[in-house]
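Counting starts at 1 for both ligands and their atoms, following the listed order. None of these values were measured; they are calculated from a predicted model.
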Amino acid sequence: MPKLIYADNAATKRIYPDVFQAMSTVLLEDFGNPSAIYDFGGRARNIIESARVAISGAIGANVGEVYFTSGGTEADNWAIKGTAAACLQRGKKHIISTAFEHHAVLESLKTLQHQGFDVTYIDIGANGIILPERFREAVRADTGFATIMFANNEIGTIQPIAEIGEICRELGIIFHTDAVQVIGEIGIDLRSLPVDLLSISGHKIGAAKGVGAIYIRDGVEIAKFMDGGSQEKGYRAGTENTAAIAGLGVAVEEAGKRKNDKEFIKELRDKFFDGVLQMGGRIHGDKKNRLAGNANIAFDGLEGEFIVLFLNNYGICCSTGSACNAGAVEASHVIKALGFDSKKAKEAVRFTFSEENTIEEIDYILDKLKEIRNSCYARYGNDGDYSVD
Ligand code: PLP
C-alpha cells in the first residue's frame with residue numbers, strides 16, 4: 001500500500017488531538033445524562049453549555065441562538081423546512097435558492113415543492129459566483145425565505161452573503177446560509193452579517209462526524225425539528241451527543257487559531273493550479289474568490305472517475321463531484337450549473353488540501369496526473385470521445 005496522500009478534506013477531516021482528548025474524557029468519565037438532576041448529570045450539562053458558549057463566541061451569536069444537531073444535513077433540513085412552515089402561516093410560499101446547493105438543501109426544497117411551495121433557482125454564472133442583482137430580480141411579493149450557500153463544497157467559490165443578506169433585510173425575507181464549508185475558513189460575525197439561520201457541521205472542521213449546529217437568530221419564527229423531550233429548548237428533542245458536542249466546541253476554537261495555515265494552503269493550491277494549467281487542464285469556478293484548499297479541475301476527454309481511481313492506486317485520495325446512483329455515475333449538478341454539459345461535468349475532479357499536505361505531495365500528485373493524461377491522450381487523443389477499457 002503506497003503512502004496515503006489525503007486531498008479530500010472537504011469530504012471530511014481528521015479530528016484534532018484536542019478534540020479527541022475532550023471527547024474521550026466525556027465518554028470515559030463525564031458520561032452522565034445531561035438532563036439528570038444530580039451533580040454528575042450537571043457536569044455533562046455544563047460541558048454542553050461550554051461548547052455552546054465557544055461556538056456562539058466564534059460566530060458572534062448570542063449563546064441562546066445556537067442549537068446542536070446531528071450535522072450539516074440536519075441543520076439544513078431544519079432551517080429550510082422549519083422556516084417554510086412558519087412562512088406558510090404568513091401566506092408566503094415562494095423561496096429563492098440556487099441550483100448548486102448541497103443535496104441536503106436541494107432535497108429539502110424538493111420536498112417543499114411537492115407540498116406546494118414555489119422555488120426559484122437563480123443562475124450562478126460561469127465563475128460560480130452569484131450576482132446580488134440576480135437575487136433581487138428573483139424576489140416576489142410572496143417570497144418568504146431564501147437559502148444560499150456561503151461557499152460551495154465542490155468548487156469552493158465564496159458567495160456575496162453580506163450583500164444578499166442586506167437585500168433580504170430590506171425586503172423582509174428570512175435568510176439561511178449553509179456555512180458547512182466555511183467555519184474556520186472565513187471569519188463570521190453574526191453581529192454585523194445579515195443572516196438569520198446558519199448551518200455548521202463538525203466533521204469538516206476537525207470535530208467528529210454526526211454532530212453539527214444551527215444558528216437561529218433571536219425572533220426568527222421556526223417550527224421545532226424533533227418531537228420528544230425538552231432538550232434544546234424543546235426544539236430538537238433527544239439526548240445530546242455530549243462527547244461530540246464537547247469536541248465541536250474545541251474544534252471551532254482550534255479552527256479559529258489556525259488562520260495562518262490558510263496562506264500555506266493557498267500556496268499549495270496555487271502551485272497545483274499552475275501545474276494543471278501547464279498540462280492544458282481547466283479550473284472550475286473563480287480562481288481567486290474560493291476557499292483556500294479547493295481545486296476543482298478537469299482535462300478534456302478524461303473522465304473524473306477514471307482519474308480518481310487511477311490516483312487511488314498511488315494512495316492519493318481525491319473525489320469527483322459526481323454522485324453514484326443505482327450503479328451509474330451522474331454528472332455533478334454543480335459543474336452543470338456552471339454551464340457545462342453532462343459529459344464535460346463528468347470530467348471534474350476535486351482536490352481539497354489542508355495544512356497536513358506538503359509541497360512534495362503536490363509535486364507527486366501533479367506527476368501522476370501528467371502520467372495519466374499523457375498515456376490517455378497518446379492512446380485516444382483528447383477529443384473526449386473514448387471510453388476507458
Ligand atoms: N452542506 C455542505 C455544503 C456540505 O459540504 C455537507 C457535507 O458534505 C453538508 C451540508 C452535510 O453535512 P453533514 O455531512 O454534517 O451532514
Side-chain angles (χ1 to χ4, degrees), residues 6-15 19 51 55 59 66-82 97-111 121 124 128-130 146-159 161 176-186 188 195 197-215 225-226 236 238 240-241 244-245 247-249 251-252 255 284-285 290-296 317-324 332-335 337 348 350-354:
Y6 189 72
D8 200 17
N9 288 279
T12 198
K13 254 184 100 129
R14 189 203 303 277
I15 69 169
V19 169
I55 294 163
I59 58 175
V66 172
Y67 298 74
F68 292 109
T69 67
S70 66
T73 299
E74 183 183 318
D76 286 343
N77 269 262
W78 183 6
I80 293 166
K81 294 171 186 167
S97 189
T98 75
F100 84 153
E101 301 293 315
H102 189 270
H103 286 294
V105 167
L106 293 178
E107 293 300 314
S108 296
L109 292 173
K110 214 189 269 178
T111 299
Y121 296 94
I124 59 164
I129 298 179
I130 298 156
T147 174
I148 309 276
M149 71 196 321
F150 210 129
N152 184 269
N153 48 304
E154 289 188 33
I155 55 173
T157 50
I158 299 164
Q159 306 307 318
I161 290 302
H176 165 247
T177 187
D178 175 336
V180 163
Q181 295 288 342
V182 169
I183 301 295
E185 289 279 327
I186 301 169
I188 290 180
V195 161
L197 302 123
L198 178 139
S199 304
I200 298 173
S201 167
H203 69 112
K204 313 289 183 178
I205 58 168
K209 295 167 185 59
V211 69
I214 180 172
Y215 158 82
F225 190 67
M226 198 87 90
R236 201 277 182 185
E240 300 90 337
N241 186 347
I245 290 171
L248 181 61
V252 168
H284 293 136
R290 68 196 299 144
L291 297 172
N294 178 291
N296 192 308
C317 304
C318 60
S319 68
T320 67
S322 318
C324 200
S332 154
H333 68 289
V334 174
I335 309 297
R350 180 188 71 177
F351 296 82
T352 42
F353 304 114
S354 82

>> Residue by residue, ordered by chain and number, which ones reach under 4.0 Å of ligand 1 with a heavy atom?
In response: G71, G72, T73, D76, H102, M149, N153, D178, V180, Q181, S201, H203, K204
>> Test your reading of the model: is there a side-chain donor-acceptor pair from R350 to the backbone of N153, 3.5 Å cut-off?
In response: yes
> Hey, which of I55, N241, I183 is the one that makes side chain to side chain contact (heavy atoms under 4.5 Å, CB included) with L248?
Replying inline: I55
> Do the side chain of T69 and the main chain of I214 share a donor and acceptor less than 3.5 angstrom apart?
Replying inline: no
> Backbone N or O of A10 within a donor-acceptor pair of the K204 side chain at under 3.5 Å?
Replying inline: yes
> For the side chain to side chain donor-acceptor pair (under 3.5 Å) test, which of D178, D76, T73 pairs with S199?
Replying inline: D76
> Which pair of non-hydrogen atoms, one from A99 and one from A337, has the smallest distance, and what is that distance?
Replying inline: CB-CB, 4.3 Å
